[in-house]
Amino acid sequence: MKVNEAELLISAVRQDQYPKNSLPEIALAGRSNVGKSSFINTLVTRKNLARTSNKPGKTQTLNFYDLEGRMMFVDVPGYGYAKVSKSERAAWGKMMETYFSSRENLRGVAVIIDSRHSPSALDIQMYKYLKEFELPVLVIATKADKVSKNKRPKHVKHIRETLELEKTDDIILFSAETGQGKEDAWKSIQAMV
């Protein structure tokens, strides 16, 4: 999908702030600093639509991005960031649970993980959490350019087994540096929508 128009529509913390439209939404979840913003920017071919940062934990709201008036990406707060208070983490958890459990526009979730490392306990927990809501999940394994080509199949197999991915859930190796996986990611997202 070629995106000519993309904009941050709203940053929400409560249900009453969600956009009042019927556009299908794909949520993006992942550990802090795993590359969610780079994934968004690569897919929409923009450098700074989603702000990237070297400081983890910058996304503290549900960020709704309108793509062409046809669909939305919803960037949710990153999980696993230690320098956030327990009360703040609890508030993020409640905000995300409300969104995942009640948003009718939500069609699926892209879980962003780092392809170089084994999925963390929090990645596994997030995947299982989303499956409790019976949501389709697409796993995006970022930083694929940093894994040698001959090791990539082994990494994919390991991620699939560690997360205990359902057969209906895709996993895509992705690189914001080279654009690898961009077309496959769009195909999977459009299938969800």
Side-chain angles (χ1 to χ4, degrees), residues 1-9 23-52 59 62-79 99-100 103 105-117 119-120 123-124 126-127 130-131 133 135-149 151-163 165-193:
M1 179 171 150
K2 186 159 172 31
V3 177
N4 295 312
E5 290 183 41
E7 66 171 328
L8 174 60
L9 199 60
L23 294 178
E25 296 170 359
I26 299 296
L28 305 162
R31 287 179 60 91
S32 296
N33 236 19
V34 76
K36 287 187 298 161
S37 297
S38 296
F39 176 72
I40 293 169
N41 290 335
T42 301
L43 257 60
V44 301
T45 321
R46 297 269 289 277
K47 279 194 173 21
N48 296 311
L49 178 64
R51 285 178 295 193
T52 58
T59 303
L62 298 170
N63 294 328
F64 289 80
Y65 294 94
D66 184 330
L67 310 182
E68 302 269 327
R70 290 167 38 196
M71 66 176 293
M72 308 271 275
F73 278 166
V74 183
D75 188 8
V76 305
Y79 50 84
Y99 175 74
F100 289 135
R103 186 66 168 164
N105 301 38
L106 182 60
R107 299 291 182 268
V109 182
V111 174
I112 319 287
I113 63 170
D114 189 328
S115 66
R116 300 170 298 175
H117 308 296
S120 70
D123 292 323
I124 296 165
M126 176 56 80
Y127 179 76
L130 295 169
K131 295 321 289 185
F133 294 115
L135 290 165
V137 174
L138 164 64
V139 175
I140 302 293
T142 62
K143 306 177 187 184
D145 56 292
K146 298 189 175 15
V147 177
S148 68
K149 281 189 177 163
K151 288 186 178 173
R152 289 176 191 170
K154 187 175 141 192
H155 282 246
V156 168
K157 183 175 187 277
H158 176 71
I159 291 165
R160 184 173 289 284
E161 288 172 355
T162 304
L163 292 176
L165 278 192
E166 292 180 4
K167 285 183 171 50
T168 53
D169 293 331
D170 290 335
I171 179 169
I172 294 171
L173 282 170
F174 183 84
S175 168
E177 292 293 316
T178 67
Q180 175 190 348
K182 179 179 176 178
E183 294 306 315
D184 290 335
W186 269 125
K187 279 181 196 157
S188 291
I189 287 167
Q190 288 177 302
M192 284 177 167
V193 169

Identify the heavy atoms of Ile113 and Val34 that sit nearest to each other, and give their distance.
C-CG2, 3.5 Å
Looking only at heavy atoms, the pair that brings Val139 and Leu165 closest together is CG2-CD2, 3.7 Å
Nearest 0.5 Å please: distance from the CG atom of Leu49 over to the CG atom of Leu67.
7.5 Å
Please tell me if the side chains of Tyr99 and Glu25 come closer than 4.5 Å, counting only heavy atoms from C-beta onward.
yes
Check the side chains of Asp123 and Ser120 for a donor-acceptor pair under 3.5 angstrom, ignoring hydrogens and angles.
yes
Could you grab the distance from atom OG1 of Thr178 to atom CG of Leu173, nearest 0.5 Å is fine?
10.0 Å
Going by atom types only, do Ser188 and Asp170 share a side-chain donor-acceptor pair under 3.5 Å?
yes
To check you understand the geometry: which heavy-atom pair defines the closest contact between Ile124 and Pro119, and what is its length?
CD1-O, 4.2 Å
Is the shortest side-chain heavy-atom distance between Ser175 and Lys182 below 4.5 Å?
no
With heavy-atom distances below 4.5 Å as the criterion, would you say the side chains of Met126 and Val109 are in contact?
no
Under 3.5 Å, is there a donor-acceptor pair between the side chain of Glu68 and the main chain of Asn4?
yes
Does any non-hydrogen side-chain atom of Leu43 lie less than 4.5 Å from one of Val3?
no
Write down the atom of Asn41, the atom of Lys47, and the distance for their closest heavy-atom approach.
ND2-O, 3.0 Å
So Leu23 and Arg70, do their side chains get closer than 4.5 Å, heavy atoms only?
no
Hey, is the main chain of Val76 close enough, under 3.5 Å, to the side chain of Lys36 for a donor-acceptor pair?
yes
Ring centres of Trp186 and Phe174 under 6.0 Å apart?
no
Asp169 and Lys131 ion-paired at < 4.0 Å
yes
If I take atom CD1 from residue Ile172 and atom CZ from residue Phe39, how far apart are they, to the nearest 0.5 angstrom?
7.5 Å
Pro24 versus Arg107, closest heavy-atom pair with distance:
CB-CG, 3.7 Å
Do Asp66 and Met72 come close enough that some side-chain heavy atom pair is under 4.5 Å?
yes
Heavy-atom check, side chain of Lys149 versus side chain of Arg152, under 4.5 Å:
yes
On a heavy-atom basis, which atom in Phe100 and which in Ala27 lie closest, and how many Å separate them?
CE2-CB, 3.9 Å
Distance col, row Ile112:CD1 vs Ser37:OG, nearest 0.5 angstrom, shows 10.0 Å
Do other residues, nucleotides or ligands put more than 12 heavy atoms under 6.0 Å from the NZ atom of Lys151?
no
Rounded distance (nearest 0.5 Å) linking atom NZ of Lys187 with atom CG of Leu138:
13.0 Å
Starting at CD of Gln180, measure out to OG1 of Thr142 and round the result to the nearest 0.5 Å.
11.0 Å
Would you check if His117 and Arg31 make a side-chain contact, meaning some heavy-atom pair closer than 4.5 Å?
no
